[in-house]
Amino acid sequence: QVLLEESRGGLVQPGGSLRLTCRTPRLIFSVFTGYTMGWYRQAPGKQRELVATITSGGTTTYTDSVKGRFTISRNNSRKTVTLQMNSLKPEDTAIYYCNAEQNGKDNWGQGTQVTVSS
């Protein structure tokens, strides 16, 4: 029941960068801080995988394939979470989903397409 709105993805050349932002317009500050936020992705023919998560206090986790290239951050005042993607590779092509988790329950955005062309 949490509304999550991802910014538009896009077409990026290999080695390029793209920033995704997830907004939670219906949450007030004090409620947003109660969620662990994350980004997942699903590539064609692949299973959905966790990309990165960040707790309210700023503790992060990343899947190995994006470490050193992607950075997740959150702005609790703005009620947003951002995924900065650098040094993009064709294998990063996927639909990216914003996630908000609390007490074992997940909320999902509708997804946004990121395409890294050769």
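Both backbone and side-chain heavy atoms feed into the values below; hydrogens, waters and symmetry mates do not. All residue numbers refer to positions in the sequence shown, counting from 1.
- Applying the side-chain hydrogen bond (donor to acceptor under 3.5 Å, both in side chains) rule to pairs touching residues 30-39 yields nothing, sequence neighbours excluded.
- Contacts classified as ring pair (Phe, Tyr, Trp, His ring centres under 6.0 Å) and involving residues 64-98 (residues at least two apart or in different chains) are not found.
- By the criterion of side-chain heavy atoms lying less than 4.5 angstrom apart, applied directly or through intervening Ile, Leu, Val, Met, Phe, Trp or Tyr residues, L27 is not grouped with F29; the two fall into different hydrophobic clusters.
- Residues that satisfy the side-chain hydrogen bond (donor to acceptor under 3.5 Å, both in side chains) test with S117, not counting sequence neighbours, are absent from this structure.
- For T60, there are no side-chain hydrogen bond (donor to acceptor under 3.5 Å, both in side chains) partners, not counting sequence neighbours.
- Across T24 and L4, no two heavy atoms sit closer than the pair CG2-CD2, 3.3 Å.
- For E6 against Q110, the heavy-atom pair with the smallest separation is OE1-N, 3.2 Å.
- Between I95 and Q113, the shortest heavy-atom distance links the atoms CG1-NE2, 3.3 Å.
- Alongside L11, the hydrophobic cluster contains no other residue (criterion: ILVMFWY side chains under 4.5 Å).
- Atom OG1 in T82 sits 10.0 Å away from atom CE in M37 (nearest 0.5 Å).
- Sorted by first and then second residue, the disulfide bond (SG atoms under 2.5 Å apart) pairs involving residues 9-105 (not counting sequence neighbours) are C22-C98.
- One finds the OG1 atom of T61 at 6.5 Å from the CG atom of L50 (value rounded to the nearest 0.5 Å).
- Looking at residues two or more places apart in sequence or on another chain, you find a salt bridge (Lys or Arg N to Asp or Glu O under 4.0 Å) between K67 and D64.
- Among I72, I54, V51, the single residue meeting the side chain to side chain contact (heavy atoms under 4.5 Å, CB included) criterion with Y62 is I72.
- Residues that satisfy the ring pair (Phe, Tyr, Trp, His ring centres under 6.0 Å) test with Y40, not counting sequence neighbours, are W108.
- Here the CZ atom belonging to R8 is positioned 11.0 Å from the CG atom belonging to L18, to the nearest 0.5 angstrom.
- Residues that satisfy the side-chain hydrogen bond (donor to acceptor under 3.5 Å, both in side chains) test with D106, not counting sequence neighbours, are N99.
- In this structure, T80 OG1 and E5 CD are separated by 12.5 Å, a value rounded to the nearest 0.5 Å.
- Among residue pairs with one or both ends in residues 23-47, those qualifying as salt bridge (Lys or Arg N to Asp or Glu O under 4.0 Å) are R41-E49, R41-D92; sequence neighbours excluded.
- Atoms OG1 and CE, on T71 and M85 in that order, are 11.0 Å from each other to the nearest 0.5 Å.
- With sequence neighbours excluded, the residues satisfying side-chain hydrogen bond (donor to acceptor under 3.5 Å, both in side chains) with R19 are Q84.
- Residue L3 is found outside any hydrophobic cluster, as its side-chain heavy atoms come under 4.5 Å of no other Ile, Leu, Val, Met, Phe, Trp or Tyr.
- Here the rule is side-chain hydrogen bond (donor to acceptor under 3.5 Å, both in side chains) with N76, and of R74, R78, K79 only R74 fits it.
- In this structure, the side chain of T53 does not engage the main chain of G38 through any donor-acceptor pair within 3.5 Å.
- A donor-acceptor contact shorter than 3.5 Å is absent between the side chain of Q102 and the backbone of K105.
- Checking N86 against S17 by side-chain atom types alone, a donor-acceptor pair falls below 3.5 Å.
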